[in-house]
Q: 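Have a look at this one before I ask anything.
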Amino acid sequence: MKHPNQLTTKQRAAIDEDNPTVAIVAPAGSGKTTVLTQRIARRIESKETPPGKVVAVSFTRAAAYQIGERVYQLIDTTPINVGTFHSIALSTIKRFAEFEQRATPSIVLDTKQVLKELLDQAPPSQRQAFHYTGNASKNTIIKKISAEISWAKSCTLDPQRYADVAPSLRQVTHEQAEVLSQVFSNYESYKTRHRLMDVDDLVTHAAIRLQQNKAFAQVERFLFRHFYVDEFQDANRSQIELLIAYLGESRDVSVVGDPSQSIYGWNGAIESNMSDFIDTFPEATVVVLSDNFRCTPEIVFAASKIMPIVADERIRYQVNPTRPSDSSLGVVFHHLKDEREEALVCARTINSLHEKNVPYSAMAVLSRTNAQLHIVEEVFSSLRVPTKSPGGTNSTFSRYLKLFTKHWTAEELQRRVATLLAHLSESQEPRSNLSSTPPAGLLQALLRLRRVQPEISVAETIEVIDKVRESSGGHDAVTLTTFHGAKGLEWYHVHLIGVDRSRVSSVKARQPQVLKEEQRLLYVAMTRASDSLHISFTSSAKQGTSPPWSSLLDPLEEQIVGRTPDTAPTASPRVDPLKRSSPFNAQERAYKDLTTKINLYRAQEAQRRGLLPEEYISNSDVRLLVKNVLNGSFRSDPLLTNSSYISESAHRELLDFLGTLDVPKCFSR
């Protein structure tokens, strides 16, 4: 396997490191997935690690699938084992049941319903602690109790220990913590009586099986020897304990993470995970990737001002932007009257970009909470701006499969994806409420998924199928999601709305650790943008003389009010929303036009071959092609670096196509 020409020295160092214990610190936009998958592929190709003994862990099924798919593209090998901590834990529990010749415990299908029954039966004094009256109130309380129990398990706390620490760490009183502890204890007893587990039990129970049964652990450690963990900063204590239990005496583990993107404290994740890993494995090689390939320097500068300083010198970094500066885009601030005007400005700016051939799918609106997006949805709908949310049901694939398996039992849904393929292939069998023929491309997508993850269940398949093949010519829409929901995603143009003093860094963020997590969350949201970033905030009578923007934006005050250290402040912090974001210069428009044309060509050619557009020509290669066309060097420079599906004839066809593209006069040859 050859290294792509675009790899940096540090990326190559992480990929080629002989030490099996590696900690890769990877800031936003630094190419971490490329490094992780190439490290796995390099070690498999060099015979260091048999593919069947590799375990790659991520935090969503879709992300895990992408790791397996990219490794498969890099080298011709049998599939590696990929999954989430929960899916790997469930597989471990099933194998343990077979090992002891016992039935696998059933999974609680509706945790909240069980908790409701337990609280309904609780003494009046316990219900009164939460003002547990009325259906609406009850649903809110049950949701809160479920979240608290989930947090306790992620931190490996039993009911009594939870009661001891919750008042100082969570938004609960001492009385509520005691009641929660009792409900927690009753819930655990209920599951024991009925031989049940819930999803939060999986990781802890799998670790206990490995810790307490040496014979079983020996078999598991023989089967799975080489571990790779993506987004390690998001791991909570129970997940780390499962990883340690699997490793035993082994030190063959590579983790990739970024302390500045640790935003899941509510789920038990600790920002010191990367530092703790190096303390636990002092022999680990530490590689810090400090280059940002995604964002313009203007966005990198602004985000770096927001990012908290990493205390540990071993993993501290200063982000180095690699893209050229572009003052016509960058970061734009909007001080607006109210949420409706905020939504209107977003819509007008997005439509202005769309008229310049920017796809809706290249843009996103992000907010701190889901509630803030309701007005955006309403305004966008009235202006006919299409919207979608990550993980939504826009794809016909997931909708079709949900209907297809509507009457399947829980046991049938846990069977392998091969079972689903077999049923779908029986096209002569009539289906109620369904076309007898699956949607075009579905069978091919399932075959690709089975190739990468042969052990994946039907239920998990339905969860990730939309990510396996997303047609570039399909649902072109603006993404609406929260700062948390945007993690791991990126767009060309991003709007952050409601970054007000009353909404972001609010009273809930008084504790220093909570405030720092809010800083990291805003940093994550800002770095989702590659080309332009719009940040808006509204005025409130409650703020008095304080600035309208969140205190987290105070380091950017000079940019917000439109002054530099050498100039006086402007009369008003309000920014004309369209003057600062209006038309691209000629070079920028030419770049966008060429990108659009090459993306259309890529989509057509990929569809002919049954591939994803990104598989046929990677996104980085599209940018390289545009650059080479603009400077007239596409026939002399190396054409592609990351594309493995293009034959010699396809290369010639691509060259011929590039030769037909017009280069504007604003670019000199």
Side-chain angles (χ1 to χ4, degrees), residues 294-296 298-299 302-303 326-392 394 470 472-483 485-486 489-500 522 525-538 574-585 588-593 595-596 599-600 619:
R294 175 190 303 159
C295 310
T296 63
E298 291 80 8
I299 295 173
D326 190 341
S327 58
S328 67
L329 294 172
V331 183
V332 182
F333 297 94
H334 305 288
H335 177 197
L336 302 168
K337 180 178 65 176
D338 54 31
E339 294 178 346
R340 184 163 294 277
E341 185 183 39
E342 199 170 35
L344 283 168
V345 167
C346 287
R348 291 169 63 189
T349 308
I350 285 169
N351 273 334
S352 176
L353 289 168
H354 187 62
E355 289 171 1
K356 300 174 180 67
N357 295 322
V358 177
Y360 283 125
S361 57
M363 298 178 274
V365 178
L366 312 181
S367 65
R368 179 61 182 84
T369 66
N370 273 310
Q372 292 171 269
L373 294 171
H374 294 160
I375 291 181
V376 178
E377 288 179 310
E378 177 188 328
V379 170
F380 278 34
S381 176
S382 67
L383 296 176
R384 297 185 178 179
V385 178
T387 62
K388 64 181 178 181
S389 60
N394 293 315
E470 295 177 322
S472 60
H475 191 67
D476 184 28
V478 178
T479 300
L480 307 183
T481 189
T482 62
F483 292 179
L489 304 174
E490 63 178 283
W491 298 269
Y492 288 127
H493 309 282
V494 171
H495 292 256
L496 306 186
I497 63 168
V499 191
D500 306 347
L522 182 56
M526 293 172 73
T527 53
R528 300 309 94 195
S530 66
D531 287 26
S532 74
L533 174 64
H534 295 254
I535 301 177
S536 59
F537 40 84
T538 60
R574 185 180 175 89
V575 177
D576 184 333
L578 298 182
K579 187 177 292 183
R580 290 286 298 276
S581 60
S582 61
F584 299 129
N585 57 38
E588 177 63 20
R589 292 198 63 176
Y591 185 93
K592 293 295 180 185
D593 289 344
T595 301
T596 299
N599 277 332
L600 287 172
N619 290 332

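Fair warning: this is a prediction, and the values are worked out from it, not measured in the lab.
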Q: To the closest 0.5 Å, what do you measure between CG (L353) and OG (S532)?
A: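 Here the interatomic distance stands at 6.0 Å.
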
Q: What closest approach, in Å, do M363 and W491 show between heavy atoms, and which atom pair accounts for it?
A: O-CD1, 3.7 Å

Q: Assess whether side chain to side chain contact (heavy atoms under 4.5 Å, CB included) is satisfied between T296 and L533, documenting all intermediate values.
A: CA-CA 10 Å; T296 63; L533 174 64; over 6 Å; no

Q: F380 and C346: which non-hydrogen atoms are nearest, and at how many Å?
A: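 Residues F380 and C346, closest heavy atoms: CZ-CB, 3.9 Å.
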
Q: With side chain to side chain contact (heavy atoms under 4.5 Å, CB included) as the criterion, how do T369 and T482 come out once you've worked through the C-alpha distance, each side chain's angles and the decisive distance to 0.1 Å?
A: CA-CA 6 Å; T369 66; T482 62; 5.6 Å; no

Q: How long is the gap from OG1 on T387 to CG on L373, to the nearest 0.5 Å?
A: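 One gets 9.5 Å once the value is rounded to the nearest 0.5 Å.
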
Q: Look up atom CG in L366 and atom CD in Q372, then write down how far apart they are to the nearest 0.5 Å.
A: 11.0 Å

Q: Before you tell me yes or no, could you show the steps for I497 and S536 under side chain to side chain contact (heavy atoms under 4.5 Å, CB included), namely the whole-Å CA-CA distance, both residues' side-chain angles and the distance that decides it to 0.1 Å?
A: CA-CA 5 Å; I497 63 168; S536 59; 3.8 Å; yes

Q: Is there a donor-acceptor contact under 3.5 Å from the side chain of E490 to the main chain of S530?
A: no

Q: Which distance, rounded to the nearest 0.5 Å, do you find between the CZ of R340 and the CD of E378?
A: 4.5 Å

Q: Any chance the side chains of D500 and T538 put a donor and an acceptor closer than 3.5 Å?
A: yes

Q: Kindly indicate whether the side chain of L489, heavy atoms from C-beta on, has any atom under 4.5 Å from the side chain of T479.
A: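 No, their side chains stay 4.5 Å or more apart.
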
Q: What pair of heavy atoms forms the shortest contact from M526 to I299, and how long is it?
A: O-CG2, 3.7 Å

Q: Look at the side chain of T596 and the backbone N and O of N357, then say whether any donor-acceptor pair between them is shorter than 3.5 Å.
A: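 Confirmed, T596 side chain pairs with N357 backbone.
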
Q: Where is the tightest heavy-atom contact between A525 and V494, given as atom of each residue plus distance?
A: O-CG1, 4.5 Å

Q: Using 0.5 Å steps for rounding, measure from the CD1 atom of I350 to the CG atom of L383.
A: 10.5 Å

Q: Measure from the side-chain N and O atoms of T349 to the backbone N and O of V345, and report whether any donor-acceptor pair falls under 3.5 Å.
A: yes

Q: In chain order, what residues pass the ring pair (Phe, Tyr, Trp, His ring centres under 6.0 Å) check against Y492, with sequence neighbours excluded?
A: none

Q: Main chain of V379, side chain of S382: is a donor-acceptor contact present, judged purely on distance under 3.5 Å?
A: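 Judged by distance alone, yes, a pair lies under 3.5 Å.
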
Q: Measure the spacing between CZ of R384 and CG of N351 and express it to the nearest 0.5 Å.
A: 12.0 Å

Q: Quickly, which of K356, E355, R348 forms a side-chain hydrogen bond (donor to acceptor under 3.5 Å, both in side chains) with S352? Name it, please.
A: K356

Q: Which atom names give the shortest non-hydrogen contact between F537 and E342, and what distance separates them?
A: N-OE2, 3.7 Å

Q: Under a 3.5 Å distance rule, please check whether D476 uses its side chain to pair with a backbone N or O of S361 as donor and acceptor.
A: yes

Q: Would the distance check show the side chain of R294 and the main-chain N or O of T527 forming a donor-acceptor pair, the cut-off being under 3.5 Å?
A: yes

Q: Going through the checks in order, is the side chain to side chain contact (heavy atoms under 4.5 Å, CB included) test met by R528 and L496?
A: CA-CA 10 Å; R528 300 309 94 195; L496 306 186; over 6 Å; no

Q: Check C295 against A529 and note the closest heavy-atom contact, atom names and distance.
A: SG-O, 3.2 Å

